[in-house]
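A note on names: the letters A, B, ... follow the listed sequences, proteins ahead of strands, and every chain is numbered from 1.
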Amino acid sequence: MPELLLFLHNFFQTLQLVCRMANFKEYKTLNLPEIDKEILQFWETQKIFDKSVNQRSLDNSFVFYEGPPSANGKPGIHHVMARTIKDVFCRFQTLKGKRVERKGGWDTHGLPIELSVEKELGITKEDIGKKISVDDYNKACRETVLRYKDLWDNITQQMGYWVDLENPYITFENNYIESVWNLLKKLYDKNLLYKGYTIQPYSPAAGTGLSSHELNQPGTYKDVKDTTIVAQFKMLKNEQSAAYFKGAEEGEVHFLAWTTTPWTLPSNTALTVGPKIDYALVQSFNQYTHKPIQVILAKGLVGKQFSGKYEAAENQNDLNNYQPGDKKIPYFILKEMKGSELVGIKYEQLMPFALPYENADQAFRVIPGDFVTTEDGTGIVHTAPTFGADDAMVAKKAGVPAMLVLDKDDNPVPLVDKQGKFRPEMGDFAGKYVKNEYYKNPPEKSVDVELAIKLKEENKAFKVEKYAHTYPHCWRTDKPVLYYPLDSWFIRATACKERMYELNKTINWKPASTGEGRFGKWLENLQDWNLSRSRFWGIPLPIWRNEDGTEEVCIGSIEQLQQEVEKANAALGLNQSVPDDLHRPYIDDVVLVSPSGKEMRRELDLIDVWFDSGSMPYAQWHYPFENEEKFKRNFPADFIAEGVDQTRGWFYTLHAIATMVHDSVAFKNVVSNGLVLDKDGKKMSKRLGNGVDPFATLDKYGADATRWYMISNSPPWDNLKFDLAGLDEVRRKFFGTLHNTYSFFALYANIDGYQYGEENIPLEERSELDRWVISLLNTLVKETEGHFADYDATPATRKIQNFVNDQLSNWYVRLSRRRFWKGEFTKDKKAAYQTLYECLLTVTKLMASVAPFYADFLYKNLTDKGSGFKESVHLEDFPEVNDNYINKNLEQQMDYAQRISSLVLSLRKKEKIRVRQPLGKILLPVLDEGFKNQVEKVKDLVLAEVNVKELEYITETEGVIKKKIKPNFRTLGRRLGPNMKLAAQTLGKFGQNEIAELEKAGGFDLNLPDGSVERLGLEDVEITSEDIPGWLVANDGPLTVALDVTMTDQLLAEGTARELINRIQNIRKESNFNVTDRIAISIEKHEAVESAVSLFGNYICNETLATDLQLMENLTEGQNVSLATDVDIKMNVVRREG
RNA sequence: GCUGAUGUGGCCAAAUUGGUUUAAGGCACUCGCCUGAUACGUGAGCGAUUAGUGGUUCGAAUCCACUCGUCAGCACCA
């Protein structure tokens, strides 16, 4: 009886017994979402997360920081991505024995929350304090912040993200705020906090400054046409500038400077030139007044500015012929100079409406600036420090004052007020809006146009024209934004720039380019951190000042505030107390007293919400007021991960605060993941409707398939093109195959009553196949551990997948099947079980961090009835590598077997010979003994796999192998260098004889062009077999296989017999016979089957459990069967009773 | 505009960091295979001047320069 049927026989005999003693649960289908639910419940009831953390010792921590999401918005699929990465490495470290506490957190402040509240209440910022009290407004914010907390909790749970949501830090809580205040106080004490006047985007129409975030809303930059002026600034004569006045008509020389915002011209206090730029002194005539002029501008822009009416003159004398009204105006370059030569020259104020209230003598001169380009304009930049950030910067550096005048309260203010109107100092222009858009009924001529006319009349305008460019607009009012100086509190980040840069070098960035590039460059060009936000819902700046700003106090704790309040109460006769809620408006009511006895009120600003989140390492523990030990144990973080968009957000704020306050990094390793795009690579957006619902995805595909897909598809720092088809593939290919492999194991293990815990059969007593797969397994463990430890999970998942699919399932199990069928529980069978079991069990641990649900499911199925196991795979230790088990030789052997099989199958396919047809032999050219020995060990596997009778080695002595030779580039390249080409050519021309000679001599002398001789040894060349003339041959790299397709009668008959068996078995199955039923077979007499029946009758009967097989003429009953093309026969199969 | 990443068959993607793997593998496609744990499986096949151009080198998908495309960040300033 063939093995299979024997096995089936046993199977049914023992079925009942088996059912009772089944150790391993069997499943019909794989339902990942179902498994998710089951495992989720298990984790919850058994508190597996807690156990996984608490079973590890406190002094072996791996510190992770959770970047707090805002629960004000719904979670998206990209959050699943980011959190998968966090989870993977935290789980991995847990398996490696680390204690990984993960405190969750919520970001609760900030603009998005204010916006959504305003939208819901149907109000705008202006209404706050009017239509709605600040008090009510803040209450509404507080209620909104955790609006979607449930959804977040759900996604967290459903995706299997382990984070402590029981005790999260929440940024609006007083404890959190107190810690933040403490940090601010420390910065204040280090003199790193100051109030400054800077140029910020400001919307006069809305009366508020705008953050860069607001300015980057879609649609804020619009194309506009503005009146632009190239103005003439009259140079003053002194020692330095005297040279430029030689021969100047009327003794006037002008600088030309261009502006797209003429309304800033009255505020001009400097002209900026590029020190390295070449400038030219040009003689010509003004096109509006026709007066002779001599002007200075960048040499490279002369042609651009002197275009249209202007025409280059041959020589200076041509200029004398010019008459006003001539069509062409001549110009001539008199002199050239470097920008650096111009620096320091003074000029006459262009529009003398006012003077800076301080250091006016330092104004109106030429200063250097690196930002000056010669792309457009004149290469000389009109500089109004009150209305340009660059302007303010270079002016400050050069000691040039800004155009600030004193208002009626003696406060310095710019010439434009906060409504966007010119101040009274501006004479005829006073009270006019600087942008026509600010008027309800705009006048015909804008301020820009009027200024242009005025300058033209005064011979101060060189050119006036319309210019199209993009300009930022307030996203709320749609009106243009002004760059306007505002009072703000700053953190002097620039003071710690170098230290931040140094510390950053010690951080392991994934990918490295983000750390060096995006983050490194950012640190190099670091600006002071503008902390101020004039908003309502956020952490209030804890600084109180007296009215003139001469006295101030920075509060660093509630206790200090308490003391100050008491002091103030005593001094001022008040009865205040520290408010229960540290937010506005309550905190604004607190009045403190200065050392000199004056009232101090809080600076009304809130702080940037980014400071909130950057404070989390300290504030999450309410440090330093509590938990000092805990904080010390958890600082800095070993690992954080967020999207790249956090580079200048959270990553920076963490780094900055840690550097400035603790002179330390905040994190040692950071993974910044890319965006999640739709399958076509487009950004997901509500507008396009191409977003992927994370809940629906998890419901349908399960968390593991989603996570596995995200990690394995591409390195997380590349953008991920999220395609549901990919999820499906992962589910089918990886999880499906793994599940089937387990099912196979469970099926037979239960039948045999296999149980783990039996004595392990020593590896050396197991078969080649077993030792091979164990070797691969150990290699896999080694490699995956390396990848995970290096925060690079993608190759780990790919290797696990390859192992499971191609090696374990499709090779080991397939080739081992017969061992599992065998009736008796032999040692070999036991070895097979143990091997497969060990592979599966190890795989659960390797995959557990990426696919926590299925891994645990499988682990539990494998270990349920065993002893000495953990409750969950997540309480396990990562597998240890056993280097002794790794046998590269064995891996090589099996690789040969797989490739030879594949080559033979490919040849069969080409010749259209099906595998069922046995063939005589395979010829394998052997170039060295080692190869032969390796193949010999897997010979039987190969022959069985490809249904060939024998494998014959042919060696060179037989002279039938056609060989190919090529140089070993790796060894030779370094030695030969430029002569490499010669070597390749020479070897390329080698015929069979030359190759044979080289082999015999063990080398070859290569004559080099310089007359010297280089000896090439055998290790310097690669000789492969290429062909066996007269045979059917296929190659795969160095492997060559020939197949003997000669068909003997014997082989043909056997092939036909196997075809017959196949058809008979089909009939058995169609007829619903029991697998143990005996049958009788009648076959219509046909010459195609005669020899098969006569030679292999017994074989056919054995395989089909037939007791009788006859060839009959004129068979009347039975069915028609197609045996081969053109061979149709009739066959009758009947069940034998009894 | 500036900076950075990226560009490999229709699609997703490898390539030990410069040493010809025949430029891997998968999906899709074509042609096979249901007695065998998997047809949500499996075998074979088709399909690529590695975006383009130039350079460095004995040797380039890999390094350099430029161009083009995609994405992101930073600007929009006279």
What's the gap between B/G43 and B/G36 when it is taken at their P atoms, as a whole Å value? 16 Å
Can you see whether A/T260 engages A/D226 through a side-chain donor-acceptor pair at a distance of less than 3.5 angstrom? no
Under a 3.5 Å limit for both distances, which nucleotide forms a Watson-Crick or G-U wobble pair with B/G43, could you say? B/C31
Sorted by position of nearest nucleotide on RNA chain B, 5' first, the leading residue of A/R817 and A/I380 is A/R817
Roughly how far apart, to the nearest Å, are B/U21 and B/U57 at atom P? 22 Å
Along nucleotides 22-33 of chain B, 5' to 3', which nucleotides get a B, which get an S, and which get a -, given that the test is a protein heavy-atom distance under 4.0 Å? B---SS---BSS
If the test is side chain to side chain contact (heavy atoms under 4.5 Å, CB included), which one of A/L905, A/V946, A/L1039 qualifies with A/I900? A/L1039
Counting only heavy atoms not in A/K799, do more than 12 fall under 6.0 Å of its NZ? yes
So which nucleotide does B/C74 pair with, by the Watson-Crick or G-U wobble rule with both distances under 3.5 Å? B/G1
Give a yes/no answer on whether the side chain of A/S809 brings an N or O atom under 4.0 Å of OP1 or OP2 in B/A37. no
Could you tell me whether A/T971 contacts a base, only the sugar-phosphate backbone, or nothing, with contacts defined as non-hydrogen atoms closer than 4.0 Å? nothing
Residue that, paired with A/W717, satisfies side chain to side chain contact (heavy atoms under 4.5 Å, CB included) out of A/T514, A/V671, A/V644: A/V671
Apply side-chain contact (heavy atoms from CB on, under 4.5 Å) to A/D806 and list each qualifying residue two or more places apart in sequence or on a separate chain. A/N802
Using a 4.0 Å heavy-atom cut-off, does A/S743 contact any base of the nucleic acid, only the sugar-phosphate backbone, or nothing at all? nothing
When rounded to the nearest Å, what value does the distance between P atoms of B/A24 and B/U8 take? 16 Å
What residue among A/I296, A/L271, A/V372, A/L297 forms side chain to side chain contact (heavy atoms under 4.5 Å, CB included) with A/T378? A/L297
With no hydrogens and no angle check, is any side-chain donor or acceptor of A/R798 less than 3.5 Å from a backbone partner on A/N713? yes
Mind checking the C1' distance from B/A39 to B/G32? Whole angstroms is fine. 13 Å
Taking only N and O in the side chain of A/Y748, is any of them less than 4.0 Å away from OP1 or OP2 of B/A37? yes
Minimal heavy-atom distance between A/K25 and A/Y742, with the atoms involved, is O-OH, 2.8 Å
Just to be sure I understand the rule, does A/T272 reach a base, reach only the sugar-phosphate, or reach nothing, if contact means heavy atoms closer than 4.0 Å? nothing
Flag, side chain of A/Q1065 to backbone of A/E1103, donor-acceptor distance under 3.5 Å: yes
With syn defined as a glycosidic angle within 90° of 0 and anti as everything else, classify B/C74. anti
Tell me whether the OP1 or OP2 atom of B/G43 has a side-chain N or O from A/N810 closer than 4.0 Å. yes
Strictly under 3.5 Å: I want the nitrogen or oxygen pairs between protein and nucleotides 8-18 of chain B, one per line.
unit_1, atom_1, unit_2, atom_2, d
B/C12, OP1, A/K721, NZ, 2.8
B/C12, O2', A/N713, OD1, 2.6
B/A13, O3', A/R798, NH2, 3.0
B/A14, OP1, A/R798, NH1, 3.3
B/A14, OP1, A/R798, NH2, 3.3
B/A14, O5', A/R798, NH1, 3.0
B/U16, O4, A/R970, NH2, 3.3

Rounding to an integer number of angstrom, what distance separates B/G52 and B/U62 when you compare their P atoms? 10 Å
When rounded to the nearest Å, what value does the distance between C1' atoms of B/A48 and B/A15 take? 15 Å
Roughly how far apart are A/L727 CG and A/M710 CE, rounded to 0.5 Å? 7.5 Å
Between B/A13 and B/A61, how many Å separate the two C1' atoms, rounded to a whole number? 14 Å
Taking the same atom, C1', in B/U56 and in B/C64, what whole-Å distance lies between them? 7 Å
At under 4.0 Å, does any side-chain N or O of A/S902 touch on OP1 or OP2 of B/A44? yes
What's the base orientation of B/U38: syn (chi within 90° of 0) or anti? anti
With heavy atoms under 4.0 Å as the rule, sort A/L675 into base, sugar-phosphate or nothing. sugar-phosphate
